[in-house]
Amino acid sequence: MTTADDFSSAFLSTPGNITSKLGSLVTLANVARFPGLNTFGISMARIDYAEGGLNPPHVHPRGTELLYLEKGSLYVGFVATDNKLYAKRIKQGELFVFPKGLVHFQLNVGEGPAVGFAALTSQNPGTSQVAKALFASMPAIETAVLSKAFQIGDGDVKHLMDVIAKS
C-alpha cells in the first residue's frame, strides 16, 4: 500500500562524508533511491565539496541540471558542442544550469567547504565521469585509441589508467 512516506525523504539533509581524492561527494535522490519519483521526470542531488574539492568533468545523458549553491563559492562550467567553454564563479544563493548531455564540472574555490543542491530533469539522469569512462572502463579501451586521441605516449595512457582506476 502506498503511503505519504513513499513521497518523502530526508537523505539530502545530511552532509556527506567526503573521503574521495577529488574532495567531493554527490548524494543522488533518483528513482532508484527514492521510488516516489517514479514517472515524475525529476530528481535532485546534494553535492558536498571539501575546500578545493572538485566534482570532476561529467555528463548527464538524460537530464539537464540546475545547481543552487547553498554555501561557499564554486568555479563552474560546461563545454558546448562547438567546444566553447561557458564558465564562471558563483557564490552562495546563485544558480547555474548545465544543459543535458554536455560535459560540466564544479570546483570549490572558496575558503572552507561548499554545499550545492541540483535539480535534474529526469528521474534517472545518469552520470558518466569523463576520465573514468575513458581511462577506467571495463574492459579497458585499447591504449592505442587513447594514445592517438590525446596525442600522448602509451606509457602516459597506462599511468592515467592506473591513477584513475585507484581513485
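Just so it is clear, the structure is predicted and the values come from calculations on it, not from any experiment. Both backbone and side-chain heavy atoms feed into the values below; hydrogens, waters and symmetry mates do not. For the single chain, residues carry numbers from 1 onward in sequence order.
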- For side chain to side chain contact (heavy atoms under 4.5 Å, CB included), just list the numbers for T27 and R33, CA-CA rounded to whole Å, side-chain angles, deciding distance to a tenth of an Å, and then say yes or no. CA-CA 10 Å; T27 304; R33 292 195 64 203; 3.4 Å; yes
- Note on the structure: In terms of heavy-atom contacts, V59 and P61 come closest through O-CD, 3.7 Å
- Message: For the OG1 atom of T143 and the CE atom of M161, what is their distance to the nearest 0.5 Å?
- Response: 4.5 Å
- Task: Would you confirm whether D154, through its side chain, and K158, through its main-chain N or O, come within 3.5 Å as a donor-acceptor pair?
- Result: no
- Query: Would L67 and L74 count as a side chain to side chain contact (heavy atoms under 4.5 Å, CB included) if you check the C-alpha gap in whole Å, the side-chain angles of each, and the deciding distance to 0.1 Å?
  - Reply: CA-CA 11 Å; L67 178 69; L74 298 177; 3.9 Å; yes
- Might you work through the side chain to side chain contact (heavy atoms under 4.5 Å, CB included) test for T81 and L102, ending with a clear yes or no? CA-CA 7 Å; T81 57; L102 296 183; 3.8 Å; yes
- Item | Close side-chain approach of R46 and P15, heavy atoms under 4.5 Å | yes
- Item | Under 3.5 Å donor-acceptor, S43 side chain and S122 backbone | yes
- Item | T3 backbone acceptor or donor facing D6 side chain under 3.5 Å | yes
- Task: Apply side chain to side chain contact (heavy atoms under 4.5 Å, CB included) to T2 and F7, showing your working.
- Result: CA-CA 9 Å; T2 304; F7 301 95; 3.4 Å; yes
- Which atom of T121 lies closest to which atom of G63, heavy atoms considered: OG1-CA, 3.5 Å
- Message: With a sphere of 6.0 Å drawn around CZ of R89, does it hold more than 12 non-hydrogen atoms of other residues, nucleotides or ligands?
- Response: no
- Query: Linking I/L/V/M/F/W/Y whenever their side-chain heavy atoms sit closer than 4.5 Å, directly or via other members, would V157 and V163 fall into one cluster?
  - Reply: no
- Message: Between I42 and M44, is there a side-chain heavy-atom distance shorter than 4.5 Å?
- Response: no
- Query: Is a donor on one side and an acceptor on the other found under 3.5 Å between the side chain of D162 and the backbone of A165?
  - Reply: no
- For the residue pair F98 and G77, what are the closest heavy atoms and their distance? CE2-O, 3.6 Å
- Item | Whether S147 side chain and I152 backbone form a donor-acceptor pair below 3.5 Å | yes
- Nearest-0.5 Å distance, NE2 of residue H104 to OG1 of residue T64: 9.5 Å
- Looking only at non-hydrogen atoms, find the nearest pair between F105 and F78 and report the distance. CE2-N, 4.5 Å
- Any idea which heavy atoms bring I164 and A131 closest together, and the distance? CD1-CB, 3.7 Å
- Check: N30 side chain, N124 main-chain N or O, donor-acceptor pair, under 3.5 Å: no
- Query: So which heavy atom on Y75 is nearest to which on A87, and how close?
  - Reply: OH-CB, 3.5 Å
- Output yes when a side-chain donor or acceptor of S24 lies under 3.5 Å from a complementary backbone atom of Y49, and no otherwise. no
- Query: Any side-chain heavy atom of F150 within less than 4.5 Å of one from L160?
  - Reply: no
- Query: Just how far is it from atom CG of L146 to atom CG of L134, taken to the nearest 0.5 Å?
  - Reply: 6.0 Å
